[in-house]
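Accompanying notes for the structure given below.
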Amino acid sequence: MSNFESSLPWWVILFGLTSVILYSLPSQYGNIIGKERSANRIQILVLGDIGRSPRMQYHALSIAKHGGQVDLIGYEESDIHPDILANSFIKVHALDPAPEYLKTKDKRLFLLYGPLKVLFQIWSLWIVLGYRTRPARWMLVQNPPSIPTLLIAQIICFLRHTRLVIDWHNFGYSILALKLGNAHPLVQVSKFYEWIFARSAYAHFCVTNAMARVLEHDYSIATEIRPLHDRPASHFRALDESQRSGFLDRLLYLLSSNDGQKLTEYQGLVNKIKKGQSKLLVSSTSWTPDEDFSILLDALIKYSDLAITTHPELPEILAVITGKGPQKADFLSQISHLKAEGKFEMVTIETAFLSTADYASLLGSADLGVSLHTSSSGVDLPMKVVDMFGAGLPVVGWGDFEAWPELVHEGVNGKSFNDAAGLQNILMQLFGEEKALLGRLKEGAVEEGKKKWDDEWDRVVGTLFSSTSR
């Protein structure tokens, strides 16, 4: 038997395996014909909770509004915007959540379980992006998280002839540094990884002009970078007195949770808020390390003390903090201890996780919004401030980072602080001696809120996605 004849079975096996692999690869956009192929089909990827990713949800609604077909991919952990669920142009594809045993707050266990969680995410992304969804002309990816999102997205886009667009909300390595420290090897690897894959995308959106400059100079990105500033969606709007009064009545029941004693207690406080005798303060958070709520607590403790002792003219405050996340339980425990020590005689603090409609109404009913976002990179901005402006709510916030002035104009639509004493002084100023300033800030917030998402999206994003017909 010749060498060729003896090796023939192996060649047949190799050919068969190669054929199977090639046949099983994700189908390509260029090979789809007829109705299945659409220049307006776009995949939107969020390696996070879709319900807590408003910017990506707004992208989906804007694309659908212009006739595009959207595959919205991410975790379903909280309520998704009802307009998305009702839209026939948008299909939600839920990613399988990682097993509970891979989720840990312990830094030592994170180094062990982190890679295992990434492997699980790689498999989930591969299946959904490559097989459960049709080939798309575009893929829009939220960053962060960058690991493993950018790697898998790039591979899928290469195989399916899809154009990758990255929407930069922040830098993944800077968030990882909050947990591990800037000098940690994993942080440096993450930074290099992000730098490598960022350069291969077709185009980029980002939330600030400052971030665009970093992408251009530090990341050496040569492809198009378009700053897309967050703007409020249409459901965020200022309320008239009748609407405000109606929602404040509803807020009673949302906060009391069928507790009769709380209901009676809050009824008097809410009536004072309606009359302007007390103030409603609102903050929103995902309870992550880039927000230090001890600043708010320290400021409110000092405010309460001064309102009782030397400044009796200061009004009582109801502070409502919305959202959910990993550090919420620790915060609630801290509040409980401080209440027991009598630290909040002139302040009532409540937490809530509200529906989209109730959250918008809460912002429209409040007197002042507070942002404690410190920015891990210095060039991102908190979307909560945008929502507050959309509801005509003036904002005070931590402003000790580069991008802050792009959104909040000092003394026009808000004010900034960089420690608890600064926040306390602002509260005393706006609720006490300079009430007229609070009114002027509200006028500035209403004016800023007139800049809506649809207008910004059409100008920045719509022109890119409509720039090619094939």
Side-chain angles (χ1 to χ4, degrees), residues 255 265-266 268-270 272-273 276-285 287-323 327-352 362 366-375 382 384-385 388 393-401 404 408 410-411 413-442 445:
L255 296 181
E265 176 187 343
Y266 289 156
L269 183 54
V270 166
K272 288 182 179 180
I273 291 172
Q277 298 170 352
S278 296
K279 298 298 180 182
L280 177 57
L281 192 74
V282 173
S283 188
S284 175
T285 179
W287 302 104
T288 50
D290 62 348
E291 293 181 309
D292 184 1
F293 267 81
S294 67
I295 293 174
L296 178 60
L297 293 182
D298 290 345
L300 291 176
I301 289 171
K302 187 62 175 176
Y303 176 96
S304 180
D305 180 59
L306 292 174
I308 294 171
T309 56
T310 59
H311 291 76
E313 76 281 1
L314 290 174
E316 189 175 358
I317 292 176
L318 170 60
V320 179
I321 303 170
T322 69
Q327 296 183 339
K328 183 176 180 179
D330 295 337
F331 178 79
L332 291 175
S333 176
Q334 190 176 1
I335 290 178
S336 180
H337 284 103
L338 291 170
K339 281 183 178 179
E341 295 172 2
K343 299 292 187 182
F344 292 129
E345 291 188 39
M346 289 293 290
V347 175
T348 300
I349 301 176
E350 283 292 339
T351 60
L362 174 66
D367 296 292
L368 188 66
V370 177
S371 170
L372 294 163
H373 179 82
T374 56
S375 181
K384 72 192 78 176
V385 175
M388 290 173 181
L393 181 63
V395 175
V396 296
W398 179 277
D400 193 19
F401 59 97
W404 179 255
V408 179
E410 190 72 18
N413 54 23
K415 291 182 73 66
S416 62
F417 56 85
N418 55 22
D419 56 25
L423 175 55
Q424 169 229 315
N425 288 333
I426 290 174
L427 294 178
M428 293 179 65
Q429 179 187 31
L430 298 181
F431 292 164
E433 58 203 37
E434 294 191 36
K435 296 176 183 177
L437 176 58
L438 181 60
R440 292 196 297 273
L441 294 181
K442 183 172 181 62

Straight-line distance of W404 CH2 to N418 CG, nearest 0.5 Å: 12.0 Å
Any residue meeting ring pair (Phe, Tyr, Trp, His ring centres under 6.0 Å) with F344, in chain and number order, not counting sequence neighbours: none
Just jot down the side-chain hydrogen bond (donor to acceptor under 3.5 Å, both in side chains) partners of E291, sequence neighbours excluded, or say none. T285, K384
Under 3.5 Å, which donor-acceptor pairs do the side chains of residues 277-284 form with other protein atoms, sequence neighbours left out?
{"residue": "S283", "atom": "OG", "partner": "V370", "partner atom": "O", "Å": "2.8"}
{"residue": "S284", "atom": "OG", "partner": "T322", "partner atom": "OG1", "Å": "3.4"}

In residues 301-315, what donor-acceptor pairs under 3.5 Å come from side-chain atoms, sequence neighbours left out?
{"residue": "Y303", "atom": "OH", "partner": "P315", "partner atom": "O", "Å": "2.7"}
{"residue": "S304", "atom": "OG", "partner": "E345", "partner atom": "N", "Å": "3.2"}
{"residue": "S304", "atom": "OG", "partner": "M346", "partner atom": "N", "Å": "3.0"}
{"residue": "T309", "atom": "OG1", "partner": "D305", "partner atom": "O", "Å": "2.8"}

Quick one: side-chain contact (heavy atoms from CB on, under 4.5 Å) partners of A420, sequence neighbours excluded? I295, D298
Apply salt bridge (charged side-chain N to carboxylate O under 4.0 Å, His left out) to D367 and list each qualifying residue two or more places apart in sequence or on a separate chain. R244
Going by side-chain hydrogen bond (donor to acceptor under 3.5 Å, both in side chains), name the residues that satisfy it together with D292, two or more places apart in sequence or in a different chain. S294
Check A319 against L300 and note the closest heavy-atom contact, atom names and distance. CB-CD1, 4.3 Å
In residues 334-341, what donor-acceptor pairs under 3.5 Å come from side-chain atoms, sequence neighbours left out?
{"residue": "H337", "atom": "ND1", "partner": "S333", "partner atom": "O", "Å": "2.8"}

Sequence-distant partners of T374, side-chain contact (heavy atoms from CB on, under 4.5 Å), two or more places apart: D290, W398
What's the separation between atom CG in L368 and atom CG in L393, rounded to the nearest 0.5 Å? 6.5 Å
side-chain hydrogen bond (donor to acceptor under 3.5 Å, both in side chains) involving E410 - partner list, sequence neighbours excluded: S416
Using 0.5 Å steps for rounding, measure from the OG1 atom of T351 to the CH2 atom of W287. 6.5 Å
Interatomic spacing from CD1 in I273 to CG in L318 - rounded to 0.5 Å: 4.5 Å
Please name all residues satisfying side-chain contact (heavy atoms from CB on, under 4.5 Å) with E350, sequence neighbours left out, ordered by chain then number. L255, K262, Y266
Is atom NZ of K343 surrounded by more than 12 heavy atoms (other residues, nucleotides or ligands) closer than 6.0 Å? no
Side chains of residues 421-437: which donor-acceptor pairs under 3.5 Å do they make with residues two or more places apart or in other chains?
{"residue": "N425", "atom": "ND2", "partner": "A421", "partner atom": "O", "Å": "3.2"}
{"residue": "Q429", "atom": "NE2", "partner": "E434", "partner atom": "OE1", "Å": "3.4"}
{"residue": "Q429", "atom": "NE2", "partner": "E434", "partner atom": "OE2", "Å": "3.2"}

